[in-house]
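Below: one structure, written as structure tokens.
Here is the naming used below: chain letters follow the sequence lines, and residue numbers restart at 1 for every chain. Heavy-atom basis, side chains included; hydrogens, waters and symmetry copies ignored.
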Amino acid sequence: MRHEFKKIEPKWQKKWAEQEIFKAVDGGEKPKFYGLVEFPYPSGAGMHVGHIKAYSSIEVVARKRRMEGYNVLFPIGFDAFGLPTENYAIKTSTHPRIITDKNIRKFSEQLKSVGFSFDWSRVIDTTDADYYKWTQWIFLKMFEHGLVFRDKTLVNYCPSCKVVLSNEDSQGGKCDICHSDVIQKSKDVWYLRITEYADKLLEGLEKVDYPANVKQQQVNWIGKSTGAFVNFSVEGIEDQLRIYTTRPDTLFGVTFMVIAPEHPLIDKYKDRIANYDALCAYRAECAKKTEFERTQLVKDKTGVCIDGLTAINPVNGKQIPIYIADYVMMGYGTGAIMAVPAHDQRDYDFAKKFGIDIIQVIQGGDISKEAYAGDGEMINSDFLNGYTNKKDSIHRMLEEIEKKGIGEAGVQYKMKDWAFNRQRYWGEPIPIVHCPVCGDVAVPYEELPLRLPDVEDFQPGEDGESPLARIESYVNCKCPKCGHDAKRETDTMPQWAGSSWYFLRYIDPHNDDELAAMDKLNYWMPVDWYNGGMEHVTRHMIYSRFWHRFLYDIGVVNTKEPYAKRSIQGLILGPDGDKMSKSKGNVVDPLDIVKEYGADALRTYVLFMGDYGAAAPWNDSSVKGCKRFLERVAGLTDLVTDGAVDPDMEVKFHKAIKKVSSDIEATKFNTAIACLMTLINDIYAAGKLSREDLVIFIKLLCPFAPHLCEEIWESIGGEGFLSLAKWPEYDEAKTVEAKLEIGVQVNGKLKTTIVIPNGCSKEDALATAKADAKIAALMEGKNVVKEIYVPNKIVNLVIK
RNA sequence: GCCACUGUGGCGGAAUUGGCAGACGCACUUGACUCAAAAUCAAGCGGGUAACACCGUGCCGGUUCGAGUCCGGCCAGUGGCACCA
């Protein structure tokens, strides 16, 4: 048979669609498998080869599971709210709804042309009011449970996109969307109290099957530290200066304190501060710096001493000066620190610059040169002197602190609360009404969805106001509580909202009464296997785990964690080895590949190109290699002959079933395909194969190249769809050859190989080895000191 | 600076976890077929040698009968976090 991919690929795609063979059924006797891939953002550029690689892994697993007799849910949808579409809408004066619909159509066609076995009856679109109704519903539930709050604070603001960004969206001080510098701006911000879930998010990681580096990154992101809050009294004022430290046991080494430039203490006591103007000038200077500049680790510390406020060290009564400096951040801890220059490099640099005393309290290092952060005996520390164990000295100091009532043990997280509003049009409207009498009032649940009104102009306001703010009919409303004239919140939710729960909606996508029915959730959840990119490990995954855990806590879902298992795909780089980008002109369009080599070749190649988790450059010639392989597969039909079973070939097939099966589970798709290539080489070398063996071969290949395998199945009179046929099984006893070739070493160096029967005794193996002419020559006139035989693996003779 | 990972032919990458390094694919070379080219088929393909020997998994050392794999110390690179108190 010839491999006419242009003819057979559309043919089978049509048949699968018509007979809906990938449609998931809720419930039943079969075991369930819920495979999930990160749904695409339907950009105008269309599908990227990266999408193909990302989806092909779970595609292969889902197809294998179906053949193994599972009831499989493998859905797809579109994460369609967001800035790129809105920016395109502004540029082209086209409504984002029109653009989104067009892009979704294009994406769907493209996905279908690759033959992915998605259940197309469950497609969701986050911009569909029937969908975002439930996004809003979850938000209101969080509001109801005190997880939503509003604050006027300094936020990350992108002056180019005119939008407030979360920390996650402004990593490195650059806007995640347009990459311009993010500035700090005082704004009214809606927050989700994700920090309240920090411990639950950490705890949840213990039971899930994520790659170790993924877990590690999430742990780092949450950034839990344990330490103590200590209150320092300040001479002449009522308020205490509260600090957070991880080393309360170094309290005797405190020689100054530092507060963040934005610390409220300064304005509160400006009358007592002699150099208030200088402090304000310094503060203005800091505000000009971008977050990025400010967080650069610099030796050259800046700051100003507060003239008029002096703190008292609560353990020894010493007077200590207070500085403001921008190396202390308002956003972490209490925005104030006790500085121990002897044992913290930042404090050390600051003390050196400002000529402040450095008191060593931990023995070790050379503090004339740098701070000592290691362990050692406590010195100059009164009752702590002589302690050598960090844990013990911290414990002892905490006792003292609590006894004196000057503080308490506490924890801190690097993770901050989630800034949740955006001053943009193309997002879920935040269902809150501002009433002059009642304050912030939730839109009643029965009024959901709160629909996004149509507007003509999507341009954000100059002062960073949402385009919705200009629509009076939308803004002006009555308070749902008291009926007073009120105004709607006009900001929308961030891009991450819709993707924080989408996997739940696939389970029950058309339910008008609930986000998903509990019996269906009970059946399908958790997601058994979720594949995606490393870039979503700290944002989307943390957010969705947070939402899911909240929904669990209020009894809406049945599992604490949404994803039982996570895998990560590596990037596909351009043929030049650089990251693919339009500007570099090294982008590969998957549709071009489908046209030239076929969907099966494309699918096979993206999984064959290398270690699935690692980045690898695209190589057109290698795609050709995969196409060549598929042509040889098609040619197998011409080799089918009746006849006796070839025992060598039988072992090869059983080994292949075993390897392909286990490699798929281990995301080692490259070696699974290589194994089939080796097998086909062996078949061609033999020049024939049985019909039964051909069936095994196409079953093993079917998850990778389903169109061709279906076509072969049909051509040899197979019944029904191969995609639903039974996955082959192997017999462990038949995976081992009767005779094995093993290496023979002399003094640890390989000299030759011998053939021995499988499971042969040490004596026989050694005798065979010694009988070998080459080995015999090497042993001539030498004594054998040691004889090693590792069964079925190696013989090593140590001679002198 | 901190955390995690990686380093193997001309290239992408294998190596049952301590047991024949380089599977499989690409590229390349030679031959067959062809008027010719492409495609296909056959053979070869780490270095070295006429052939052996021998040398080879970033570098230095160690453990072991045996190390790509384990240990110690470097070097280089990737990803993430980052004045986090």
Quiz prompt | Distance test, side-chain N/O of A:Lys579 to OP1/OP2 of B:U78, below 4.0 Å | solution = no
Self-check item: Rounded distance [0.5 Å steps], CD1 in A:Ile222 versus OG1 in A:Thr195
Solution: 11.0 Å
Quiz item: Taking the six-membered ring for Trp, are the ring centroids of A:Phe669 and A:Phe608 within less than 6.0 Å of each other?
Solution: no
Quiz item: Can you tell me if the side-chain N/O atoms of A:Lys668 get under 4.0 Å from OP1 or OP2 in B:A15?
Solution: yes
Self-check item: Chi-based syn or anti call at B:U49, which uses purine or pyrimidine torsion atoms and a 90° bound
Solution: anti
Quiz prompt | Sugar-phosphate, base or nothing in reach of A:Lys751, heavy atoms under 4.0 Å | solution = sugar-phosphate
Exercise. Could you check which of B:C41, B:G12, B:A85 has an atom nearest any side-chain atom of A:Arg632?
Key: B:C41
Practice problem: May I ask you to say what A:Lys774 touches in the nucleic acid, namely base, sugar-phosphate or nothing, with a heavy-atom cut-off under 4.0 Å? | Solution: sugar-phosphate
Quiz item: Checking all strands, does A:Asp344 fall into the base, sugar-phosphate, or nothing category for heavy-atom contacts under 4.0 angstrom?
Solution: nothing
Exercise. Indicate, with a heavy-atom threshold strictly under 4.0 Å, whether A:Val798 touches base, sugar-phosphate, or nothing.
Key: sugar-phosphate
Quiz item: What nucleic acid atoms does A:Ala615 come within less than 4.0 Å of, heavy atoms only: base, sugar-phosphate, or nothing?
Solution: sugar-phosphate
Self-check item: From CD1 (A:Ile367) to CD (A:Gln360), nearest 0.5 Å
Solution: 4.5 Å
Practice problem: Can you tell me the distance, in whole Å, between the CD1 atom of A:Ile742 and the C1' atom of B:U16? | Solution: 16 Å
Practice problem: Describe the nucleic acid contact of A:Asp347 in one word from base, sugar-phosphate, nothing, applying a heavy-atom distance below 4.0 Å. | Solution: nothing
Quiz item: Can you tell me if the side-chain N/O atoms of A:Asn681 get under 4.0 Å from OP1 or OP2 in B:G25?
Solution: yes
Quiz item: Ignoring hydrogens and angles, are the base of B:C26 and the side chain of A:Lys624 linked by a donor-acceptor pair under 3.5 Å?
Solution: no
Exercise. Give me the one residue out of A:Asp357, A:Ile359, A:Ile358 that meets side-chain contact (heavy atoms from CB on, under 4.5 Å) with A:Pro341.
Key: A:Ile358
Quiz prompt | 5'-most by nearest nucleotide on RNA chain B - A:Lys659 or A:Gln216 | solution = A:Gln216
Quiz item: For the side chain of A:Thr671, counting heavy atoms from C-beta on, which of B:A14, B:C55, B:C26 is nearest?
Solution: B:A14
Quiz item: Where the side chain of A:Arg628 is concerned, which of B:A85, B:C26, B:G66 is the nearest nucleotide?
Solution: B:C26
Quiz prompt | N or O in side chain of A:Lys655 less than 4.0 angstrom from B:A23 OP1/OP2 | solution = no
Quiz item: Within 45 degrees of the axis of the six-membered ring of A:Tyr612 and under 6.0 Å from its centre: does A:Lys53 put its NZ or CZ there?
Solution: yes
Quiz item: Does B:C84 have OP1 or OP2 sitting under 4.0 Å from an N or O in the side chain of A:Arg346?
Solution: yes
Practice problem: Name the closest nucleotide to the A:Tyr244 side chain, picking from B:A85, B:G25, B:G19. | Solution: B:A85
Quiz item: Quick one: A:Met609 CE to B:A14 P, roughly how many Å, whole number?
Solution: 12 Å
Quiz item: How would you label the contact of A:Thr753 with the nucleic acid (heavy atoms, under 4.0 Å): base, sugar-phosphate, or nothing?
Solution: base
Self-check item: Nucleotide of B:C83, B:C26, B:C55 approaching A:Tyr327 most closely (side-chain heavy atoms)
Solution: B:C83
Quiz item: When the nearest nucleotide of RNA chain B is assigned to A:Ala616 and to A:Lys749 on a heavy-atom basis, which residue is associated with the more 5' position?
Solution: A:Ala616
Exercise. Tell me whether the centres of the aromatic rings in A:Phe350 and A:Phe256 are closer together than 6.0 Å.
Key: yes
Practice problem: Could you tell me the separation between the CD1 atom of A:Ile572 and the P atom of B:C11, rounded to a whole number of Å? | Solution: 21 Å
Exercise. Looking at every strand, decide which applies to A:Gln412 at a 4.0 Å heavy-atom threshold: base, sugar-phosphate, or nothing.
Key: nothing
Quiz item: Does B:A14 have OP1 or OP2 sitting under 4.0 Å from an N or O in the side chain of A:Asn670?
Solution: yes
Exercise. Starting from P on B:A85, measure out to CD1 on A:Ile322 and report it in whole angstrom.
Key: 21 Å
Quiz item: Could one point to a donor on the side chain of A:Gln217 or the base of B:G79 with an acceptor on the other under 3.5 Å away?
Solution: no
Quiz prompt | Gap in Å between the two P atoms, one belonging to B:C33 and one to B:G10, rounded | solution = 34 Å
